[in-house]
Amino acid sequence: MTLFEDLKWRGLIKDTAGEDLEDKINQGGLTFYIGADPSADSLHIGQLPTFLVIERLRRGGHKPIILVGGATGRVGDPRGTKEREKSDIKVVENNFEKIKIQMKKLFGEDTLVVNNYDWFQNYNFIDFLRDIGKYVNVSYMINKDLVKRQMESGISYAEFSYMLIQGYDFKYIHDHYGATLQFGGSDQWGNLTTGIELIRKLNDESVYAFSCPLTLDSTGKKIGKSEGNALWLDKEKTSSYELYQYLINFEDIMMDNYLKVYTFLSKQEIEKILDEHNKQPEKRIAQKTLAKEVITFLHGEKEYEQAVKISEALFSGNMKSFTSSDIEMAFKGIPPMMIEEELNLVDLLVTSNICTSKREAREFITNGSIYINGEREVDLEFQVTRSVSIEQKYVIIRKGKKKYYIIEFI
């Protein structure tokens with residue numbers, strides 16, 4: 001299977017521009033670029049399939065350039081719904097630096113990451129209108145899908161002009177870095193083709209572009225931060241354990257698609273995994289494979305193994321092997337209750353607001369509903385001391401089946 005055929009089989013190519021694009025992709029040797037939006041300081045899981053195309057093309061002999069939009073991030077691109085909030089300049093600059101680090105970590109330190117603010121900061125507005133605006137027809141811009149949809153709710157001139165800015169980006173990167181291919185999400189198609197038109201009109205040259213379908217969930221909704229369900233690629237924002245839990249809970253119906261776009265597994269490997277999964281769906285073989293591939297690529301094998309260890313320990317209730325690091329990852333969103341000295345369990349349950357009264361605390365304990373580090377505790381006189389803590393620091397209290405609380409000795 002050729003590289004282009006592989007991209008098509010995975011469902012990673014939607015629109016294309018350039019008659020011999022397939023041959024060019026299969027031959028290798030192109031310099032290509034993709035843009036990243038610095039409205040956040042990390043990419044999220046919904047963007048990952050499109051950005052993994054960078055690695056697929058790189059392995060096929062092409063050279064990547066990643067443009068983080070320090071200039072376009074200050075403007076905001078049309079979403080087809082409503083105007084974006086104005087971004088703080090310092091935040092955009094900080095986000096650029098964070099994303100630059102993230103891109104080099106994922107795709108190699110030699111990956112070129114550029115900021116379009118570098119060539120826009122001193123570009124005179126009148127000169128830009130004369131040099132670029134003259135060559136893009138307003139009717140052409142209005143007919144682009146996202147612009148057309150947003151016209152109904154209202155679109156500012158700033159967001160309307162975004163297409164010109166991104167179009168010029170392609171020309172600039174083509175002229176200064178030799179890029180002849182741009183790709184991005186399908187919602188960027190109008191911006192991608194604007195760059196092609198500018199290069200054709202101003203340079204009398206032909207360049208290439210393709211778009212990738214947006215990653216959707218089983219209901220057809222976009223997986224991304226704008227939908228309020230983002231999981232970040234930065235492990236400091238979303239831990240490997242959180243990512244593992246998210247991935248292994250994907251629905252079976254989506255696994256064929258997700259294994260294709262989120263992993264580098266071959267067609268034969270994916271077909272074998274799906275066959276095994278369909279025979280024993282309760283084992284969630286496909287989801288576990290997906291989690292392993294994604295987390296290992298993003299964070300490394302040790303992070304993946306730790307995520308599995310935590311998941312299995314919490315499922316079984318056996319937390320004897322937990323380390324402080326495991327606890328901090330597993331209970332990232334739970335603020336610990338700080339104590340300086342040992343406390344009677346009944347008193348601790350009340351002072352930490354796990355129970356509303358001593359009476360309720362005694363009832364939970366005697367009913368066998370309180371667990372200390374995974375073990376049921378029914379002794380009303382039990383003392384919570386450093387000696388029962390994990391690494392002289394943490395005590396995990398579970399109330400009932402799923403409510404966890406963390407006690408930390410200081």
Side-chain angles (χ1 to χ4, degrees), residues 15-18 31-39 50 65-87 89 92-93 95-96 114-211:
D15 305 294
T16 62
T31 296
F32 67 91
Y33 95 93
I34 180 175
D37 176 16
S39 60
T50 300
I65 298 174
I66 301 170
L67 183 155
V68 183
T72 37
R74 289 164 162 80
V75 175
D77 60 324
R79 293 184 291 182
T81 52
K82 61 182 180 179
E83 192 85 5
R84 289 178 183 265
E85 293 292 327
K86 190 175 180 180
S87 299
I89 292 175
V92 172
E93 290 173 350
N95 292 350
F96 165 77
V114 297
N115 184 345
N116 63 1
Y117 187 67
D118 291 342
W119 55 84
F120 271 112
Q121 60 181 321
N122 295 319
Y123 202 155
N124 182 279
F125 180 64
I126 299 299
D127 291 341
F128 180 73
L129 291 180
R130 182 194 64 196
D131 297 343
I132 306 302
K134 273 283 188 181
Y135 294 92
V136 184
N137 194 288
V138 170
S139 61
Y140 167 89
M141 298 172 71
I142 290 175
N143 282 320
K144 296 303 180 183
D145 288 341
L146 289 182
V147 173
K148 190 185 296 182
R149 290 205 300 269
Q150 198 161 318
M151 292 281 283
E152 297 175 7
S153 60
I155 183 171
S156 69
Y157 181 77
E159 286 199 5
F160 183 66
S161 66
Y162 185 96
M163 193 182 302
L164 293 179
I165 300 174
Q166 187 171 327
Y168 179 72
D169 283 340
F170 197 175
K171 173 173 166 52
Y172 186 94
I173 291 181
H174 170 69
D175 294 348
H176 291 80
Y177 299 102
T180 54
L181 168 66
Q182 181 187 182
F183 76 93
S186 57
D187 57 346
Q188 294 293 312
W189 185 240
N191 300 326
L192 271 61
T193 55
T194 300
I196 292 175
E197 283 298 299
L198 282 174
I199 293 170
R200 181 183 66 80
K201 290 178 179 179
L202 295 170
N203 296 45
D204 194 26
E205 296 179 60
S206 297
V207 290
Y208 307 92
F210 69 87
S211 70

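Every heavy atom of this structure was used, including side-chain atoms; hydrogens, water molecules and symmetry mates were not.
- Residue F210 holds its CZ atom at 9.5 Å from CH2 of W189, rounded to the nearest 0.5 Å.
- Looking at every heavy atom in both residues, A17 comes nearest to I196 through CB-CD1, 3.5 Å.
- A donor atom on one side chain and an acceptor atom on the other are not found under 3.5 Å apart for Y33 and D169.
- The distance from atom OG1 of T72 to atom CG of L164, rounded to the nearest 0.5 Å, is 12.5 Å.
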- Can you check ring-ring contact (aromatic ring centres under 6.0 Å, His included) on F128 and F120, steps first, answer last? CA-CA 9 Å; F128 180 73; F120 271 112; 5.8 Å; yes
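- No side-chain heavy atom of H174 sits under 4.5 Å from any side-chain heavy atom of T31.
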- Carefully, step by step, assess N191 and I165 under the rule side chain to side chain contact (heavy atoms under 4.5 Å, CB included). CA-CA 9 Å; N191 300 326; I165 300 174; over 6 Å; no
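- In terms of heavy atoms, G167 sits closest to L198 at C-CD1, 3.5 Å.
- Judged by distance alone, the side chain of N116 and the main-chain N or O of G70 form a donor-acceptor pair under 3.5 Å.
- In this structure, NE2 in H176 is found 12.0 Å from CD1 in I65, a value given to the nearest 0.5 Å.
- Other residues, nucleotides and ligands contribute only 12 or fewer heavy atoms inside 6.0 Å of the CG atom of D204.
- Rounding to the nearest 0.5 angstrom, the gap separating the CD1 atom in I132 from the CG atom in L202 is 5.5 Å.
- The shortest non-hydrogen separation linking Q166 to L192 is NE2-CD1, 3.7 Å.
- Of the inter-residue distances, the one linking E205 atom CD with D175 atom CG reads 7.5 Å to the nearest 0.5 angstrom.
- Under the 3.5 Å distance criterion, with hydrogens and angles disregarded, a donor-acceptor pair is assigned to the side chains of T193 and Y140.
- With a 4.5 Å cut-off on side-chain heavy atoms, Y172 and D118 do not count as touching.
- Residue S161 comes nearest to A158 through the heavy atom pair OG-O, 2.7 Å, listed as atom of the first residue, atom of the second, then distance.
- The shortest distance between side-chain heavy atoms of K171 and N203 falls below 4.5 Å.
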- Kindly indicate, with the supporting measurements, whether the criterion side chain to side chain contact (heavy atoms under 4.5 Å, CB included) is fulfilled by V114 and L67. CA-CA 5 Å; V114 297; L67 183 155; 4.0 Å; yes
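- Counting heavy atoms from C-beta on, the side chains of L129 and F125 come closer than 4.5 Å.
- Within a 6.0 Å radius of OH in Y135, no more than 12 heavy atoms belonging to other residues, nucleotides or ligands are found.
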- Item | side chain to side chain contact (heavy atoms under 4.5 Å, CB included) between T194 and F170, intermediate numbers included | CA-CA 9 Å; T194 300; F170 197 175; over 6 Å; no
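- The heavy-atom pair separating V92 from P38 by the smallest distance is CG1-CG, 3.9 Å.
- With hydrogens and angles ignored, the 3.5 Å screen pairs no side-chain donor or acceptor of T50 with any backbone N or O of G185.
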- Please report the C-alpha distance between Y168 and V136 in whole Å, then the side-chain angles of each, then the deciding distance to 0.1 Å, and finally whether the side chain to side chain contact (heavy atoms under 4.5 Å, CB included) criterion is met. CA-CA 11 Å; Y168 179 72; V136 184; over 6 Å; no
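- Distance alone, capped at 3.5 Å, is enough to place a donor-acceptor pair between the S156 side chain and the E159 backbone.
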